[in-house]
Amino acid sequence: MVKVAFYPGCVAKGSCPELYTSSIKVCEKLGIELAELEDVGCTGAGVLSSEISDPINARTLAKAEQMGVPLMTICSTCTGVIALANVRLQDPEYRDKINREFLAEDGLEYKGTTEVKHLLWVLVEDVGLDVLTAASTQPLEGVKISPFYGCYLRRPDEAIKDGNRKSYIEKVTQAIGGTNVDISGKGKCCGFPSLTINEENALAMTAKHTSEARDKGADAMVVPCPLCHLELDGQQSRAEAQEKQDIDMPILHLSQLVGMALGFTPSEMEVQRHFVSTKNVEEKVKSLAVTAS
Amino acid sequence: MQVTMKFVRTKNEDPDQRDSFVVDVDPETSVFEAMSKVREEQDGSLAFRGTCNTGFCGDCTCQANGKRVVPCLVKVKDSVKEDAIEIKLIRNVAPVKDVLYDVDQFMWKKYKYFRPWLETNGTAPAVKDEDLEPVRLAMRCTVCGLCDEGCTVIDVDKEFLGPMALTKGLYRTTKDPRDQDTKQRFIEAGEKKGLWDCVHCWEASEHCPWGINPTHLIMDLRDDSIALGVKSGKGNPMAARHYNAFADSVKKSGWLNERMLASKTYGLPPYGLSLSGMMSQMPIALKAIRKGKASLRPHKSRPGARQIAKIFAKVEQSHKNKKA
Amino acid sequence: MRYDVVVIGAGIAGLQAAVEARRQGASVAVITKVHPLRSYSITIQDGINAALAQGDSPQAHIADTLRSGDGLNDKSVVEAYCAEAPAAVRELYNLGVPFNLDPQGDVALVKLQGSEQARAAHVHDMTGHVLAQVLYEQALKYEVVFFEEWYVPSLAVEDGVCTGALAFQLSTGNLDLISGGAIVMAAGGVRRLYEPSTSSTHCNADGIGIAYRAGAQLVDMEMVQYHPSIIKAGRLAISELLLANGAQLEGKDGQAVTGSAQPFGHSLARAAAEAIASGAGEDGNLNLKTSITQEQADTTYYNTNARLQMFMKGNLAGDPIPVHPGMYRILGGIATDASGATSVSGLFAAGECAGTGFHGAGAMDGNGLLASVLSGHRAGSAAANAGKASTGEASPAILQEHQGKLKPLLERDAKEGDLAGVRSELTSLMHEKAGLSRDAAGLAEAAEKIASLKESYATMGIPTKALSFNYALQQHLETRTLLAAAEAIVGSAEARQESRGVHYRSDFPDKSDEAGSMRVVVEQGEGGPQVSSRPV
């Protein structure tokens with residue numbers, strides 16, 4: 001049993017409710033005890049100036065510190081931004097300044113000890129791949145999955161800390177019986193941060209990654225970040241229009257993929273909320289379920 | 001040792017060209033020495049750049065056996081695979097001949113965009129040594145191009161000014177306390193294809209061989225620009241609208257109100273009306289409602305919203321003080 | 001195409017000349033075969049000397065420079081440069097060079113070998129790198145016209161006046177004529193003439209060779225300086241800053257190798273070569289050991305250390321670094337007066353290719369960058385005056401003549417590898433016979449060999465016929481300048497029958513008052529170099 005301070009992030013509570021639901025179910029089944037942090041703010045997502053986001057994140061880290069457990073997110077962008085803030089906050093002088101100027105009046109102090117983890121890292125490091133395999137009542141045999149990390153679970157090194165983490169998705173998909181389909185852009189940007197600023201670039205990135213996964217025969221892509229999901233799933237039809245091609249590549253949240261292997265039905269994982277139909281994956285999973293029974 | 005040097009010769013029209021050469025080289029010397037040896041002894045028509053031979057000039061960047069490298073700093077013995085080294089162009093560049101590419105389009109033009117010289121009014125302000133350290137960091141850059149080579153944005157948009165130019169052009173000048181034109185530089189840098197087109201994917205930092213960490217510098221530049229009240233250039237209003245909408249949302253409720261973010265950024269009701277915004281994002285918004293992804297319930301503030309608003313107020317006040 | 005001033009070469013000296021000429025209102029073009037920020041200057045790590053410290057004075061700087069130069073310096077040039085140095089460094093700072101500063105916010109100064117004072121301003125261990133950048137920034141600001149990746153094979157000289165430069169655009173192979181009211185030659189050194197060396201592939205004696213072939217006098221060409229510590233199997237010279245801060249050379253059994261005479265680096269190089277010859281080395285290398293901390297390795301010596309780590313997984317803080325001596329720079333070159341004017345009217349010279357007399361028989365660390373900046377400054381200024389006053393333009397007949405010569409060269413039968421053969425013979429010949437130790441027999445043998453290499457070179461063609469980026473053609477022309485510089489060096493070294501500064505004759509191991517009162521001058525003659533002398 002592992003306990004974490006759960007930081008779901010804005011999008012899981014907003015446009016990707018399926019991520020929230022599926023994560024809660026998966027964690028419950030795997031014995032990850034979630035203590036959800038309510039009184040915390042947005043990480044800044046790399047949009048807000050770090051002058052603003054560092055104090056907000058220090059506040060979040062301090063609240064997790066009080067609980068004495070790691071902070072777990074289900075969003076790569078949240079992980080990356082808050083982990084980078086945490087790296088800066090290891091500098092005692094800087095941390096003191098933030099504590100003094102922003103946290104003290106709230107009766108808080110961050111001592112610099114909180115560990116930031118993504119669900120993916122908790123699955124591999126705290127739950128364990130063998131446990132995951134054992135818990136997979138419905139291994140995803142024959143399901144071809146293209147891992148898409150996006151940016152923040154691969155870089156920067158000072159936030160990732162352990163280079164092995166850069167290949168965790170593949171390990172998880174293997175552990176639950178799936179087959180990995182490697183694409184060249186798996187560690188590149190999905191396009192989301194550019195969506196409002198340079199939409200053409202954002203859609204070009206989306207088309208590039210999703211079409212590569214399709215060309216390599218993937219049944220679905222799996223993402224550890226709801227922003228990647230909003231982009232690759234939500235904007236895929238517009239990317240198709242811009243780049244004048246049919247792509248039709250289903251995008252699954254990491255929690256949904258794991259959940260299906262753990263025996264949840266696709267609809268329990270709320271795949272029906274996606275824009276791009278996940279029908280092919282659902283059918284494969286259903287047929288696996290039939291064989292299994 | 002005997003090494004087979006293979007060159008992927010792009011845009012070379014000579015029908016008799018050779019692309020594979022056996023050379024005798026000391027395995028301790030650099031891949032660039034081996035490349036040069038081939039060109040000098042066996043085929044003077046081979047085209048590639050490279051000058052200083054010590055990793056300072058950044059001119060010889062290429063792929064050696066699939067790795068993107070500055071070949072004068074890689075030993076033959078560390079690169080060779082099955083007695084061979086394959087040399088080819090880096091990505092994201094327009095080939096000219098063999099392993100030589102259009103470096104002007106790839107980097108120099110972009111560098112010049114930022115007017116990379118200091119604008120001073122003759123009076124040198126008092127400067128502390130540590131004030132100049134960021135300038136030294138940017139000037140350490142050798143323009144090897146490996147950051148732009150790995151840039152996710154340049155990958156889809158060759159005109160994005162990119163991490164090299166942002167580092168050596170914009171960061172170098174705006175971080176220099178002797179420069180007198182910082183605000184105008186940020187206004188110019190805020191135009192399309194500039195500072196705000198970066199997606200902060202951290203590829204540049206991973207690719208830079210010199211520990212310059214360009215992505216970090218770009219984020220730092222954004223912070224500096226925001227502190228001066230410049231959130232984009234005049235011809236690039238979306239960047240500023242997006243920032244303002246994002247900041248407003250977090251300031252008001254402690255977290256992101258996605259509906260408000262989209263509406264304010266694109267100019268949708270109730271925050272404004274923009275035909276292009278309606279055209280691009282309305283169908284997505286409607287679909288989101290249908291799929292149960294966009295809740296119609298009112299956006300609730302986080303419990304700590306008041307504390308977060310105070311953080312905003314303090315930082316904004318410090319910016320005002322800075323400007324005054 | 002005509003400009004008031006045409007500068008050939010875009011290292012520190014060329015850029016400084018161009019900027020100064022623009023400031024004085026001249027129209028300026030710079031022709032450079034590599035992008036300015038790829039020039040050899042950007043590899044120079046040590047500092048730039050200026051008597052800025054309290055207690056230091058131009059007089060003290062002069063005294064140190066003269067001691068290093070061992071009696072051969074042009075004293076008036078030394079006095080002028082040392083007096084101008086403080087203002088030059090302040091100006092560089094104001095233009096944007098982020099010099100390291102002391103706690104008071106003044107330019108921090110370090111003591112390099114040969115100086116009695118802390119006198120070198122520096123930007124960590126990348127001073128040349130940064131100086132070149134800032135001067136390039138200024139050249140952009142002043143809208144200097146750049147012909148980037150254009151190679152100059154010859155000067156246009158009509159009736160004894162230099163009126164322009166022939167230049168190939170490397171991307172098209174087109175030969176063109178660029179006229180100038182005044183020409184500044186700033187095309188760098190001769191590193192490719194020696195092996196081992198800190199070679200940039202592009203330091204092919206272009207400036208010296210072209211000017212020599214155009215009739216200019218060269219001076220002090222026998223003064224070839226070696227560096228004591230070039231990394232094993234590489235080209236990187238370990239920062240002079242380190243040698244000034246206690247770095248030691250050791251043989252394989254830990255025996256210390258030290259230099260004693262001025263200039264220190266060269267003297268250490270000679271000692272290192274002797275130690276290696278007597279078996280103290282391992283694979284021809286000694287070990288360089290420093291006492292610096294990891295923090296210093298990561299800051300002050302970052303640029304050196306990062307390259308070491310990348311290339312040989314070595315770390316200056318702790319690891320012994322295998323190094324060997326190699327040729328570093330030439331102290332003589334195209335003879336100039338204090339303004340940078342050469343013996344050819346209309347032609348000026350600056351930087352390493354210029355024989356200003358500043359260094360004499362030995363260059364002190366930190367004076368090299370100073371000479372590049374100040375000789376560039378002066379040549380740019382003098383060329384601006386001359387160029388603005390001139391209305392001359394090179395005659396198109398010169399272009400036709402050169403195009404006419406080029407055609408048969410390209411048509412001639414040629415074999416791959418012939419030119420490389422000439423060059424590799426030349427580099428080992430120069431190192432062995434005209435390097436750290438010379439004698440009459442060896443120099444005579446070298447002279448003979450160079451003459452025969454010239455003969456075989458004269459029949460060689462260009463195997464590659466393509467126009468775009470024809471490296472073989474460039475290599476052919478660069479071999480010509482290398483041969484020219486080689487015969488000038490050997491001829492000068494034969495003439496100096498004594499040992500002084502960096503010039504060591506094993507058959508004349510001592511100084512001679514008579515030889516020490518003269519500078520060796522060399523010009524191109526009918527059958528080879530014409531050597532003469534002039535008083536110091």
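Throughout, a chain's letter reflects where its sequence line sits, starting with A, and its residues are numbered from 1. Values in this document were obtained by computation on a predicted structure and should not be read as measured data.
Of the listed residues (C:Gln133, C:Glu148, C:Met126, C:Lys232), the greatest number of heavy-atom pairs within a distance under 4.5 Å of chain B belongs to C:Gln133. When the candidates B:Cys52, B:Ala126, B:Gly211 are compared by the number of heavy-atom contacts under 4.5 Å with chain C, B:Cys52 comes out ahead. For the options C:Ala420, C:Ala306, C:Gly96, C:Ala472, heavy-atom pairs under 4.5 Å to chain B are most numerous at C:Gly96.
When heavy atoms are compared at a cutoff of 4.5 Å, B:Thr51 approaches chain C by way of both its backbone and its side chain. Of the two parts of B:Asp59, the backbone and the side chain both hold a non-hydrogen atom closer than 4.5 Å to a non-hydrogen atom of chain C. Looking at B:Glu130, there are no atoms closer than 4.5 Å to chain C (heavy atoms on both sides), in backbone or side chain. Looking at B:Thr173, there are no atoms closer than 4.5 Å to chain C (heavy atoms on both sides), in backbone or side chain. Both the backbone and the side chain of B:Glu28 have a heavy atom closer than 4.5 Å to some heavy atom of chain C.
Side-chain contact annotation: B:Tyr101 with B:Arg49, donor-acceptor N/O pair under 3.5 Å absent. Inspection of the C:Thr464 and C:Asn470 side chains reveals no N or O donor paired with an N or O acceptor under 3.5 Å.
Taking the six-membered ring for Trp and thresholds of 30 and 60 degrees, B:Trp108 and C:His35 have nearly parallel ring planes, at less than 30 degrees apart. The aromatic rings of B:Phe48 and B:Phe7 lie parallel to each other, their planes meeting at an angle below 30°, with 60° marking the opposite boundary.
For B:Lys112, the NZ atom counts as densely surrounded, since its 6.0 Å shell holds more than 12 non-hydrogen atoms of other residues, nucleotides or ligands.
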